[in-house]
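Letters go in sequence order (proteins before strands), and every chain restarts at 1. The basis for the numbers below is simple: all heavy atoms, side chains too, and nothing from hydrogens, waters or symmetry mates.
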Amino acid sequence: MSRFFQLIGRDIRLAFRQGSAITLSLSFFVIVVVLFPLGVGPELAVLARIGPGVLWVAALLACLLTLDRMFQADFEDGSLDLLIIGPMPTEMLVLAKVIAHWLTSVLPLIVIAPVLGLSLNLPGDSIVALTGALLVGTPTLSLIGAVGAALTVGMRRGGVLLSLLILPLYIPVLIFGVAAVDASIAQLSAAPHLLLLGGVSLGALVVGPLAAAAGLRLSLS
Amino acid sequence: MSFVAQNLACQRADQLIFKDVSFSLSPGEAIWVKGRNGAGKSSLLRICARLLSPLSGHVEWQGEDIFKDDDIYIGEYHYLGHLDALKHAFTVRENIEFWASFHGSPNVDFALEQFELQALADMPAGMLSQGQKKRTNLARLVASPAKLWILDEPLSALDQQYIALFRERLRRHLAEGGMALFATHQDIELEPVNILNLDETAL
């Protein structure tokens with residue numbers, strides 16, 4: 001178990017040392033969201049209407065931006081070989097990578113999302129719902145993304161293929177995530193949507209590491 | 001304690017690279033895998049490191065197939081490939097530390113001393129020369145103990161002085177009952193060594 005946390009710690013330290021992963025997805029997220037008011041005009045009612053969808057789509061894309069590095073960096077310098085033959089089951093290895101990815105690339109988005117929500121004229125209650133939905137739903141993005149990242153590891157320009165493979169699978173998260181925020185804007189309870197999101201995340205927690213480990217073995221053999 | 005490979009055959013991209021390769025290793029023994037470019041030296045080593053499945057044949061560690069029952073084999077060997085597995089943002093010490101504790105029972109200071117890396121310990125790995133990277137990578141071998149060393153081109157980029165140093169480390173490993181399986185184009189001047197020539201077993 002200590003190896004599991006060691007690997008997570010290593011990836012987080014690497015992300016902070018190199019700085020690129022965190023700033024890349026975060027600034028992409030901010031810029032995409034800020035572009036929308038410029039594009040559709042400053043009408044507050046329109047912004048509040050499209051706000052939840054914009055924030056969720058931008059979060060999906062920002063997450064996708066860093067996914068292809070999840071295994072690729074370790075593959076390129078030979079670390080992945082050593083990790084795979086090491087004493088940790090490949091499934092646990094994937095899970096550690098996923099947790100590190102979520103903490104370094106997705107959690108910063110969730111932290112900044114309330115501020116961006118305000119700038120899109122979302123009411124206070126719905127910002128709470130938005131943050132909750134992101135917290136519950138985004139682990140799915142990293143978990144499912146790991147499967148795509150594992151299948152495309154070692155491929156040149158695998159990032160494009162990864163997007164095509166993974167984005168359709170993100171649709172349920174997008175639907176329930178936006179529905180949770182819309183519900184709270186309409187003064188309804190966001191709880192059912194959050195529960196569904198949680199269910200999807202738990203499902204992905206079971207399937208993701210197994211499928212990604214199989215994908216890794218396939219890509220490396 | 002033994003490592004046995006029987007009738008191994010390897011196929012890459014529909015092409016049979018070698019077949020009927022058999023050898024065995026006992027404590028204190030070393031095997032030098034030789035062969036022309038493309039003879040399958042690296043593939044053979046990757047099979048022995050469980051990174052590649054053979055087309056046919058099997059590999060046994062203490063009588064257990066390493067692809068079926070790998071529990072006793074994991075952690076008993078070090079694999080050192082072409083790539084250096086170093087993170088450029090980490091220092092030499094951090095790199096060795098991570099791999100050693102990932103592998104088990106780390107002794108980082110000993111490894112730094114054995115490969116004369118103390119002066120470089122706090123330098124980012126990205127700043128190292130090729131030879132220094134190689135030494136950092138070789139230090140992994142002694143930073144956590146393992147019975148079998150599987151080494152792919154361990155001497156490349158090393159100068160004469162460090163080739164001699166590595167030879168000493170390898171000799172001590174063998175004298176302590178370790179085993180080694182390596183492929184190199186340079187003469188390692190190790191005695192005694194068993195030679196496995198893949199050209200002779202070629203198709």
Side-chain angles (χ1 to χ4, degrees), chain A residues 1-24 66 69-97 100-101 104 150 153-155 213-221, chain B residues 10-13 42-43 45-55 66-67 70-91 94-106 124-126 133-134 136-137 140-141 143-144 146 148 150 152-153:
Chain A
M1 207 59 191
S2 73
R3 289 194 178 93
F4 183 74
F5 292 110
Q6 253 169 23
L7 185 57
I8 297 176
R10 159 188 179 263
D11 277 14
I12 292 175
R13 268 191 303 154
L14 266 181
F16 272 97
R17 292 270 175 92
Q18 294 168 336
S20 58
I22 297 170
T23 45
L24 190 73
T66 48
R69 299 305 292 168
M70 192 188 278
F71 301 113
Q72 192 70 20
D74 280 330
F75 173 77
E76 280 165 7
D77 64 16
S79 302
L80 195 56
D81 282 346
L82 297 182
L83 290 173
I84 294 253
I85 62 175
M88 208 156 92
T90 313
E91 288 77 12
M92 292 301 277
L93 184 93
V94 169
L95 192 59
K97 286 287 201 187
H101 174 263
T104 55
V153 74
M155 259 181 222
L216 267 187
R217 285 189 209 105
L218 197 70
S219 302
L220 293 178
S221 64
Chain B
C10 173
Q11 182 181 14
R12 299 298 278 163
S42 293
S43 298
L45 297 186
R46 286 180 73 83
I47 288 173
C48 294
R50 285 189 319 122
L51 281 164
L52 200 64
S53 307
L55 182 67
I66 62 168
F67 291 98
D70 51 16
D71 286 353
I72 54 166
Y73 187 48
I74 290 177
E76 293 280 14
Y77 68 104
H78 278 304
Y79 169 75
L80 193 139
H82 286 285
L83 299 165
D84 53 29
L86 299 176
K87 290 294 172 195
H88 289 187
F90 283 164
T91 64
E94 285 171 322
N95 271 298
I96 299 176
E97 219 160 39
F98 172 75
W99 287 120
S101 50
F102 189 76
H103 190 265
S105 37
K133 279 182 187 164
K134 197 77 191 187
T136 309
N137 214 4
R140 271 200 296 119
L141 300 173
S144 62
L148 173 63
I150 300 173
D152 199 352
E153 295 291 348

* Heavy-atom pairs under 4.5 Å with chain A are the metric here; pick the option from B/P124, B/G75, B/A85 that has the most. => B/A85

* To the nearest 0.5 Å, tell me how far B/N95 CG sits from A/R10 CZ. => 8.5 Å

* Asked: Does B/T91 have any side-chain hydrogen bond (donor to acceptor under 3.5 Å, both in side chains) partners at least two apart in sequence or in another chain, and if so, which?
  -> B/E94

* To do: Could you tell me which portion of B/S101 (side chain, backbone, both or neither) has an atom closer than 4.5 angstrom to a non-hydrogen atom of chain A?
  => both

* Only counting residues at least two apart or in another chain, list the ones meeting ring pair (Phe, Tyr, Trp, His ring centres under 6.0 Å) with B/Y77. => B/Y73

* To do: Could you look at A/F75 and say if it's the side chain, the backbone, both or neither that has a heavy atom under 4.5 Å from chain B?
  => backbone

* To do: First locate atom CG of B/N137, then atom CG of A/L82, and finally report the distance between them rounded to the nearest 0.5 Å.
  => 7.5 Å

* To do: Could you pull out the closest heavy-atom pair between B/F102 and A/P87, with the gap in Å?
  => O-CG, 3.4 Å

* Heavy atoms of other groups near A/F16 CZ, more than 12 under 6.0 Å -> no

* **Interchain contact, B/L51 with chain A, by part (heavy-atom threshold 4.5 Å)** => both

* Contacting moiety of A/I85, where chain B heavy atoms sit under 4.5 Å -> both

* **For A/Q18 against B/A89, the heavy-atom pair lying closest together** => CG-CB, 3.9 Å

* **Quiz item: cation-pi between A/R13 and B/F90, 6.0 Å / 45°** => yes

* Structure fact -> Okay, B/L80 and chain A: the region with an atom under 4.5 Å from a heavy atom over there is neither

* **Shortest non-hydrogen contact between B/F98 and A/Q6, atoms and distance** => CE1-O, 4.0 Å

* Any idea which of B/H88, B/H82, B/R50, B/K87 has the most non-hydrogen atom pairs under 4.5 angstrom with chain A? -> B/K87

* Asked: What part of A/L80 is in contact with chain B, defined as an atom under 4.5 angstrom from a non-hydrogen atom: side chain, backbone, both or neither?
  -> neither

* Looking at A/I84, A/L220, A/D74, A/D81, which has the largest count of heavy-atom pairs under 4.5 Å with chain B? -> A/D81

